[in-house]
Amino acid sequence: MKWRTALAATALAGVAALGGFGLYAYRSALPAIAAAERPAADAATIEKGRVLAAAGYCATCHTAKGGQPFAGNYPMVTGFGTIYASNITPDPETGIGTWSPAAFRRAMHDGVARDGSHLFPAFPFDHFTKMTDEDVDAIYAYLMARVAPVKQVTKANELPFPFNLRILQAGWKLLFVDFGRYRPDPARSEQWNRGAYLAEGVAHCGACHTPRNPLGAEKKGERFAGADIDNWTAPALTAANPSAVPWSAASFTRYLETGAGVYHGVAAGPMGPVHVGLRELPKSDIEAIGAYLGAALSVAPADPAKIPAVAASLAAGRPDPAYRRDRGERLYLTACASCHYNSEKVVAGRPELGINASARLPDPTNLIHVILDGIGARDGTSGIVMPAFRHALSNDDIAAVAGYLREKRAGLAPWPDLATTVGRVRAEAAGH
Ligand code: HEC
Ligand code: HEC
Ligand code: HEC
């Protein structure tokens with residue numbers, strides 16, 4: 001008898017909890033509107049929306065390779081399966097042409113589509129929720145006024161049960177998302193708050209630079225601690241960054257604005273479109289992001305010329321009169337030194353390779369990517385800046401060059417199994 005009551009009570013509690021969750025999770029559909037019912041927007045608002053859409057890299061995720069801008073179907077491969085970014089052109093049937101500003105705000109702020117279904121967090125609404133209504137409305141105005149409607153049905157996601165259940169996203173949100181607009185910190189400057197608003201909100205730096213938990217949510221206590229993304233490493237943006245020269249507000253600003261640093265690497269791979277988008281922002285906004293990131297560093301910027309690792313990397317690169325060179329060093333002199341030739345000091349545009357993060361990260365993947373595929377238009381530079389060595393160097397050759405940079409120039413412990421890793425990265429990025 002006792003057992004029965006207990007069971008009944010548990011069942012009731014279960015039903016109540018499910019009911020509560022159902023109530024919490026339920027979102028109604030919002031009415032469709034006709035194009036003529038959209039609020040009128042002035043040119044300044046539309047331009048502001050264009051800049052914000054660039055700084056949020058909307059087109060990067062919402063455009064398939066070779067496809068029409070914003071028309072969707074870009075596959076996002078996650079640990080759970082493949083999610084296709086939606087068509088967000090103003091096409092009324094297959095895009096968001098019937099969405100009202102309220103429906104668009106709800107998607108950006110709460111991750112809920114117009115029909116009431118929960119969106120997957122591959123769409124970084126956990127960051128966009130911080131954006132003001134005004135900024136979200138400006139992006140809406142831009143998409144509706146300036147983006148050509150494209151008829152293209154968004155492909156069905158390839159997610160196994162139960163990850164395909166949109167209702168479960170409500171539980172994920174409950175556990176992991178701090179919904180709500182950015183709240184300025186009154187103890188900080190206006191510039192810092194502007195930088196935090198942009199970096200945490202529209203520019204969602206943490207989506208790549210913050211490690212995630214097994215359920216794919218950013219770890220709250222490890223903001224910008226560095227993470228793996230699309231077979232690249234997004235290095236830590238904290239004092240844990242491995243570069244020989246510590247970052248500062250000024251070097252962050254320069255890197256974000258120009259896509260390269262003097263003492264740091266280049267914005268290649270997934271960071272390329274980020275820099276390309278951010279450079280649409282006014283300079284004061286890029287400086288604000290630099291100031292926000294710089295303020296979180298505990299290391300005071302020193303004179304780079306006096307940093308021992310910089311001097312050591314330069315010294316190790318000087319010609320050896322006795323001609324004692326291993327294979328990696330000889331390959332480096334043949335293939336790389338014509339451009340990477342610093343000997344006395346580091347020169348802008350000629351990265352000193354022993355000091356930047358790619359040679360100093362625990363994982364060699366970023367360095368291998370750059371050697372295989374060079375640096376060019378897809379990284380936001382005009383023309384080819386560095387040639388690709390994919391077809392000129394074998395896996396063993398690239399391993400030898402990378403090993404030379406790691407051990408002799410950076411002076412760090414060797415990366416294990418380098419040639420195998422080169423083979424893996426070569427196969428992964430075979431599309432280039
Ligand atoms: C990191 C990739 C990524 C970025 C950046 C991104 N999105 Fe998305 N977005 C997605 C994915 C993936 C979906 C589909 C989610 C789903 O199916 O649940 C989506 C869905 C949406 C939707 C819902 C559309 C619908 O029909 O349900 C809107 C609206 C949207 N995004 C707008 C934007 C805007 C505006 C920006 C830029 C400020 C942006 N997105 C940036 C990946 C991205
Ligand atoms: C789509 C993923 C992605 C997003 C979003 C992103 N990053 Fe990155 N970031 C990367 C990757 C990958 C690298 C490594 C690039 C390389 O080695 O060429 C990188 C490199 C960097 C570096 C250079 C680090 C070093 O030591 O070399 C800085 C600084 C940086 N990102 C800042 C930012 C800021 C600030 C934002 C937001 C405004 C941001 N990133 C958004 C992926 C991303
Ligand atoms: C034709 C000139 C040229 C050659 C040859 C060349 N590079 Fe580069 N490399 C560049 C330039 C230019 C940059 C970016 C400079 C800037 O904007 O700061 C660069 C950047 C890099 C970076 C920084 C990437 C990052 O993500 O931080 C690495 C690593 C690199 N090169 C490695 C090599 C290696 C290894 C070789 C030889 C196998 C090589 N390069 C050959 C011109 C060259």
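Indexing begins at 1, ligand by ligand and atom by atom, following the structure's order. Atoms considered below: every heavy atom in the structure, side chains included; atoms not considered: hydrogens, waters and symmetry mates.
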Phe176 and Glu218: side chain to side chain contact (heavy atoms under 4.5 Å, CB included), yes or no, with the steps? CA-CA 8 Å; Phe176 300 124; Glu218 289 169 36; over 6 Å; no

Cys339 vs Met386, side chain to side chain contact (heavy atoms under 4.5 Å, CB included): CA-CA, chis, key distance, verdict: CA-CA 9 Å; Cys339 297; Met386 173 172 148; over 6 Å; no

Are Asp133 and Arg181 close enough, and set up right, to give a side chain to side chain contact (heavy atoms under 4.5 Å, CB included), and what steps lead you there? CA-CA 9 Å; Asp133 288 0; Arg181 277 10 108 222; 3.9 Å; yes

Please test Leu333 against Tyr404 for side chain to side chain contact (heavy atoms under 4.5 Å, CB included), starting from the C-alpha separation and ending with a verdict. CA-CA 11 Å; Leu333 289 172; Tyr404 157 72; 6.0 Å; no

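Once rounded to the nearest 0.5 Å, the distance linking CH2 of Trp192 with CG of Leu293 reads 10.5 Å. To the nearest 0.5 Å, atom OG of residue Ser86 and atom CD of residue Gln152 are 11.5 Å apart.
Ligand 2 has no N or O atom lying under 3.5 Å from any N or O atom of Tyr255, backbone or side chain. Here's the thing with His209: one of its N/O atoms is less than 3.5 angstrom from an N/O atom of ligand 2.
The side chain of Pro235, and not its backbone, has at least one atom closer than 4.0 Å to an atom of ligand 2 (non-hydrogen atoms only; side chain from C-beta on). Contact annotation for Ala348 and ligand 3: no heavy atom of the residue comes within less than 4.0 Å of the ligand. With a 4.0 Å heavy-atom cut-off, ligand 3 is reached by no atom of Tyr332. Looking at Asp230 against ligand 2, nothing comes within 4.0 Å, counting heavy atoms. For Asn356, no heavy-atom contact with ligand 2 is shorter than 4.0 Å. Residue-level proximity to ligand 2 for Ser243 is carried by the side chain, the only part with a heavy atom below 4.0 angstrom.
Of all the atoms in ligand 2, the ones that sit under 4.0 Å from a non-hydrogen atom of Asn366 are 14 (C), 17 (O). Here is the list of ligand 3 atoms found below 4.0 Å of a heavy atom in Pro387: 1 (C), 3 (C), 4 (C). Taking every heavy atom of Leu237 and a limit of under 4.0 angstrom, the matching atoms of ligand 2 come to 28 (C), 29 (C), 30 (C), 32 (C), 33 (C). Applying the 4.0 Å criterion to heavy atoms of Val266 picks out, from ligand 2, the atoms 16 (C), 18 (O). Those atoms of ligand 2 with a heavy atom of Ala357 less than 4.0 angstrom away are 25 (C), 26 (O), 27 (O). Interface atoms of ligand 3 facing Ala260, defined by a heavy-atom separation under 4.0 Å, are 16 (C), 17 (O), 18 (O). Here is the list of ligand 2 atoms found below 4.0 Å of a heavy atom in Phe252: 29 (C). Below 4.0 Å from some heavy atom of Thr233 lie the following atoms of ligand 2, by number and element: 11 (C), 12 (C), 13 (C), 14 (C). Listed by number with element, the atoms of ligand 3 under 4.0 angstrom from any heavy atom of Ser358 are 29 (C). Those atoms of ligand 2 that come under 4.0 Å of a heavy atom in Trp232, given as number and element, are 12 (C), 16 (C), 18 (O). Taking a cut-off of under 4.0 Å to the non-hydrogen atoms of Leu278, the atoms of ligand 2 that pass are 38 (C). Less than 4.0 angstrom separates some heavy atom of Ala335 from each of these atoms of ligand 3: 5 (C), 37 (C), 41 (C).
Asp326 and Tyr332 form no side-chain donor-acceptor contact under 3.5 Å, judged by distance and modelled atom types alone. Of the N and O atoms on the side chains of Tyr292 and Glu200, at least one donor lies less than 3.5 Å from an acceptor on the other residue. A donor-acceptor pair shorter than 3.5 Å cannot be found between the side chains of Thr89 and Asp91. Judged by distance alone, the side chains of Trp247 and Asn241 do bring a donor and an acceptor atom under 3.5 Å apart. No hydrogens or angles considered: a donor-acceptor pair under 3.5 Å links the side chains of Tyr84 and Glu158. Looking only at atom types and distance, the side chain of Glu287 has no donor-acceptor partner in the side chain of Thr253 under 3.5 Å away.
Heavy atoms of Leu293 approach ligand 2 to within less than 4.0 angstrom. Remark: distances from the non-hydrogen atoms of Leu367 to ligand 2 are all 4.0 Å or more.
Residues Tyr255 and Met271 form a side-chain contact, since some pair of their non-hydrogen atoms from C-beta on lies under 4.5 Å apart. Contact annotation: the side chain of Tyr263 never approaches that of Asn356 to less than 4.5 Å [non-hydrogen atoms, C-beta and beyond]. Thr45 has its side chain out of reach of Tyr140: every pair of non-hydrogen atoms, C-beta onward, lies at least 4.5 Å apart.
Counting all heavy atoms, side chain and backbone alike, Ala145 lies closest to Ile46 at CB-CD1, 3.6 Å.
Contact residues of ligand 1 (protein heavy atom closer than 4.0 angstrom to a ligand atom; sorted by chain and number): Gly56, Tyr57, Cys58, Cys61, His62, Met76, Ile83, Tyr84, Ala85, Ser86, Ile88, Trp99, Phe104, Met108, Ala113, Leu119, Phe120, Ala122, Phe123, Pro124, Phe128, Ile139, Asn157, Arg166, His204.
Around the CD atom of Glu37, the shell of radius 6.0 Å holds more than 12 heavy atoms that belong to other residues, nucleotides or ligands.
In this structure, His204 contributes its side chain and Val202 its backbone to a donor-acceptor pair below 3.5 Å.
At least one cation-pi condition fails for Lys155 and Tyr74: the charged atom is not both under 6.0 angstrom from the six-membered ring centre and inside a 45 degree cone around its axis.
Aromatic pair Phe123/Phe128: centroids less than 6.0 angstrom apart.
Here 2 is the count of protein N, O or S atoms positioned under 2.8 Å from atom 8 (Fe) of ligand 3, waters not counted.
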